[in-house]
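So the structure is just underneath, and the comments pick up after that.
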Amino acid sequence: MGYRGRFAPSPTGPLHAGSLVAALASWLDARAQGGQWLVRIEDVDGPRCPPGMDAVILGQLAALGLVPDEPPVWQARRGHLYQAALDRLIASGQAYGCACTRAEIAAAAGSRPRHGELIYPGTCRHGTHGRPVRAWRLRVQGSIDWHDRRLGEQHQDLAADVGDFVLKRADGLWAYQLAVVVDDAEQGITDVVRGEDLADNTPRQIALQRALGLPTPRYLHTPLVLAADGHKLSKQNGAAALDLSDPAARLREAAQRLGLSLEAEARQTADVLARLVAQWQ
Ligand code: GLU
């Protein structure tokens, strides 16, 4: 199958210098390999996505000359695909209903904090004992070894360090992990190129791919852009929206963060992009 890559922004805010690095890297990798590049709007967490932000992001990408080869898809319209995947996992015994509240998980022996979430101690693994199901979880076993094109060989003890993670939340929203795995497979994505902050999610996604019998794409996690205080630049810490009065300059800055360098003569986005594709490897 030919190369198919994607950029998958969550429309919680406009693109910033950090998200542009991921967008540009995924575009360059697709172009350099003669592949296709898609855009997927990851709006599963509706309450966190201001109305119209998807259009803002698509407009920013267009201004930068980053135009997808197929019409974008919106995760908010794809709940039937996520439900079908969850149904398969339930039918094969790989997903189970969980009746625990956050407070119960916090109080349970064996729950431990991880990145602001709690590692689930497995209370409902063998049934909810008549209590109503709130969320659905993947039954996790063992560890995952995987390869990243930049970071090299990676290992995570999924069972011990992550635990049975949520696929569908108690508030009815789909978890990012399930949506991304279902969509990458349904869209025939061969190569995932995204920011390094997402690398820690990859073992969960590989476990889900295996549970659903789906192929695992190749992964490349790009360097993060740090804010002046050393934290990752993100919408949450108020990263400024890109100033697109000079889109070619923004592309040159993003390229620099990827270790590519361009003389300032390239003033048109198409010219900048063509020169960068030639440098990408
Ligand atoms: N939607 C995620 C984000 O904006 C990216 C997901 C992905 O590339 O897998 O952080």
Side-chain angles (χ1 to χ4, degrees), residues 3-30 35-50 53-54 56-58 60-61 66 68 72-78 81-82 85 115-117 144 146 148-151 154 165 167 169 173-209 214-227 231-239 241-242 254 258:
Y3 183 113
R4 279 168 72 85
R6 85 314 191 264
F7 175 55
S10 303
T12 53
L15 290 186
H16 53 73
S19 39
L20 176 56
V21 169
L24 178 62
S26 66
W27 186 91
L28 286 173
D29 200 50
Q36 289 176 314
W37 184 72
L38 314 185
V39 172
R40 181 169 72 227
I41 302 293
E42 300 214 315
D43 54 353
V44 265
D45 195 349
R48 286 184 53 234
C49 303
M53 195 54 75
D54 51 350
V56 170
I57 292 174
L58 293 171
Q60 290 178 301
L61 290 171
L66 303 175
V73 300
W74 277 258
Q75 287 189 326
R77 302 177 191 165
R78 295 163 68 84
L81 298 174
Y82 314 142
H115 299 315
E117 272 181 70
I144 301 279
W146 61 285
D148 181 272
R149 289 165 53 197
R150 183 173 73 92
L151 303 170
Q154 304 288 310
F165 58 91
L167 304 173
R169 297 169 15 174
L173 294 181
W174 295 103
Y176 155 69
Q177 311 294 351
L178 180 65
V180 82
V181 162
V182 168
D183 285 338
D184 282 339
E186 197 275 336
Q187 297 189 282
I189 300 300
T190 60
D191 289 77
V192 170
V193 179
R194 60 185 177 191
E196 191 175 335
D197 55 322
L198 292 161
D200 177 69
N201 293 280
T202 306
R204 270 171 282 177
Q205 293 171 14
I206 292 173
L208 261 175
Q209 289 153 5
L214 301 172
T216 291
R218 285 179 291 266
Y219 288 99
L220 168 61
H221 290 88
T222 58
L224 293 186
V225 177
L226 299 183
H231 285 97
K232 169 183 109 90
L233 199 59
S234 74
K235 295 161 197 160
Q236 283 70 31
N237 67 21
L242 287 174
L258 289 165

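As the structure lists them, so they are numbered: ligands from 1, and atoms in each ligand from 1.
Remark: R149 engages D191 in a salt bridge, criterion side-chain N to carboxylate O under 4.0 Å.
In this structure, Q177 contributes its side chain and R204 its backbone to no donor-acceptor pair below 3.5 Å. Side-chain N or O atoms of D54 include none that pairs as donor or acceptor with a backbone N or O of P11 at under 3.5 Å.
Interface of R6 with ligand 1, defined as ligand atoms under 4.0 Å from a residue heavy atom, comprises 7 (C), 8 (O), 9 (O). Contact atoms of ligand 1 toward V180: 9 (O) (distance under 4.0 Å to a heavy atom of the residue). Interface atoms of ligand 1 facing R194, defined by a heavy-atom separation under 4.0 Å, are 7 (C), 8 (O), 9 (O).
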Inset, instruction - Begin with the C-alpha distance, continue with both residues' side-chain angles, and end with the deciding distance and a verdict on side-chain hydrogen bond (donor to acceptor under 3.5 Å, both in side chains) for Y3 and D29. - result: CA-CA 9 Å; Y3 183 113; D29 200 50; 2.6 Å; yes
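With a 4.0 Å cut-off on non-hydrogen atoms, L198 touches ligand 1 through its side chain and not its backbone. Counting heavy atoms closer than 4.0 Å to ligand 1, residue F7 contributes nothing at all.
The only member of R4, R40, R218 that meets salt bridge (charged side-chain N to carboxylate O under 4.0 Å, His left out) when paired with D184 is R40.
The N/O atoms of A8, backbone and side chain alike, include one that comes under 3.5 Å of an N/O atom in ligand 1.
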